[in-house]
Every structure is written in structure tokens, then in C-alpha cells.
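The block underneath contains the structure these notes are about, expressed in C-alpha cells.
Everything numeric here is computed off the predicted structure, so don't read it as measured data.
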Amino acid sequence: MLGEYFFLVASETIPKQPVTLDNKLSFAAIIISLLAIGGSFFTVFWQGRQNASRQKIDLESVFYKDIYWDYLIKKIPESRDFVKHNGVENRITGTDNIIDELNNIRRDSLFFKFTDENFYEEICEKLQNLEDKYVKADKMILAKYDQFNIEVDQKLTEIYDIITSKYTGTDTAKS
């Protein structure tokens, strides 16, 4: 009963207006405003996610630099200089230093086993493959040594690419 009374009073006090162009424009303006507000909320949400992602990459890049920088710039190139072909004995010598450095990189990468297991597995696999190549290389004629160096360069490039892409945030590690 009270609801009927309210409806009668309310409907009598609200003047009925015909639908005009102004009413349609007002309705369209309200819809556009709501869409703009929704778009603003989405933009704020999206920017927050992007900023969080960028901060994570920036923080991780500190770890990558601290762990790998010295290896990539100094230790690997220096230890590689010791690897030589002994033409008299037809064998490769001086692989101990590079093998030690590859082991050290793998050991120092252990942090990523707990924070980025895909990266850890991929980098360890590449390091192990290169280390195996050096361990198995002993007796070798000079012509095969040239091919050996080409293959080592390819494997080192893969290792450098994996680390560099993680450092820059352009991850290529297997998912």
C-alpha cells in the first residue's frame, strides 16, 4: 500500500517529457563519460602492472650483472687464450682454465635454481655442453681444431645470448 502511494506521488510529481535530441545527447554523454572512466581505471591498472614488471627486471639485472659480468668480460676470454693446438703432438692443451671457469659459472648460477629454474636449467645445459666439448677435445689435427673453434664460438655465443637477454629483460629461456 505504501509502495503504491509512493509510486502515485512520484509519478505525479515527475513531468513527462518527450524524448528529444537533447535527452539523447545527454544519455550519450553519460555513456561516453562512463567509458572514459572505465578506460582510465584500466590504464592505471595496466601501468601498475608494467611498472611492477619493469622493477622486477631492473632488480634481476643487478643479480645478472653481479654474477656474470666478470665472467663474460674478463674470465672467459682470458681462460680461452690458454687453449692452444700443439702441432707437434696434434693435441689441444690449456683447457683446464676454461673448464674451471665454466664450472664456476655453473656454481655461481645456483641462485637461479630457486628464482628462475628455466633459466638455470638452460644455462647449466649450455655450460655443460661446452665443458664436455673441451673435456673430450684432446687428440686433434689442426684442420679439426679450426672446426672445433667454430663450434666453441657458437656455443659461447649461445651462452652469452642467454645471459644477455635475461640481463636486458628480453628473456629467451625455454618456458
For this session: Quick one: pull up OH in Tyr68 and CD1 in Ile76 and give me the separation to the nearest 0.5 Å.
Result: 10.5 Å
Exercise. Heavy-atom distance under 4.5 Å between the side chains of Asp116 and Lys166, does that happen here?
Worked result: yes
For this session: Please list, chain by chain and in numerical order, all residues satisfying ring pair (Phe, Tyr, Trp, His ring centres under 6.0 Å) with Tyr134, sequence neighbours excluded.
Result: Phe148
For this session: Please work out whether the ring planes of Phe45 and Phe42 are parallel, tilted or perpendicular, with thresholds of 30° and 60°.
Result: tilted
Exercise. Just one of Asn103, Val83, Asp81 clears the side-chain contact (heavy atoms from CB on, under 4.5 Å) bar with Ile98, so which one?
Worked result: Val83
For this session: Take Leu156 and Val152 through the side-chain contact (heavy atoms from CB on, under 4.5 Å) test and state the conclusion after the steps.
Result: CA-CA 6 Å; Leu156 275 173; Val152 164; 4.0 Å; yes
Seminar exercise, completed: Rounded to the nearest 0.5 angstrom, the NZ-CD1 distance for Lys65 and Ile73 is 10.0 Å
Exercise. Do Asp132 and Lys155 sit within salt-bridge range, that is, some charged N less than 4.0 Å from a carboxylate O?
Worked result: no
Seminar exercise, completed: Note: Phe114 and Leu110 closest approach over all heavy atoms is CD1-O, 3.6 Å
For this session: Start with the C-alpha distance between Asn129 and Glu158, add both sets of side-chain angles, then the distance that settles side-chain contact (heavy atoms from CB on, under 4.5 Å), and finish with yes or no.
Result: CA-CA 11 Å; Asn129 289 341; Glu158 290 174 4; over 6 Å; no
For this session: State whether the side chain of His85 and the backbone N or O of Met140 hold a donor-acceptor pair below 3.5 Å, judged by distance alone.
Result: yes
Exercise. Taking atom NZ of Lys144 as the centre, does the number of heavy atoms from other residues, nucleotides or ligands within less than 6.0 Å exceed 12?
Worked result: no
For this session: Could you tell me the separation between the CD1 atom of Ile162 and the OH atom of Tyr160, rounded to the nearest 0.5 Å?
Result: 13.0 Å
Problem set entry | Residue Phe111 excluded, over 12 heavy atoms near CZ under 6.0 Å | yes
Exercise. Considering the options Lys126, Gln128, Glu125, which one meets the side-chain contact (heavy atoms from CB on, under 4.5 Å) requirement together with Arg106?
Worked result: Gln128
Problem set entry | From Trp69, Phe112, Tyr71, residue fulfilling ring pair (Phe, Tyr, Trp, His ring centres under 6.0 Å) relative to Tyr64 | Phe112
For this session: Determine, stepwise, if the pair Ile159 / Leu127 fulfils side-chain contact (heavy atoms from CB on, under 4.5 Å).
Result: CA-CA 7 Å; Ile159 292 167; Leu127 290 165; 3.7 Å; yes
Exercise. So Arg80 and Asn149, side-chain contact (heavy atoms from CB on, under 4.5 Å) or not? Walk me through it.
Worked result: CA-CA 10 Å; Arg80 210 165 157 216; Asn149 275 329; 4.2 Å; yes
For this session: Please round to the nearest 0.5 Å and tell me the distance separating atom CD1 of Ile67 and atom CG of Asp108.
Result: 7.0 Å
Exercise. Is the backbone N or O of Ser109 less than 3.5 Å from a side-chain atom of Tyr120, with the two atoms forming a donor-acceptor pair by type?
Worked result: no
Exercise. Hey, what do you get for NZ (Lys136) to OG1 (Thr95), rounding to the nearest 0.5 Å?
Worked result: 14.0 Å
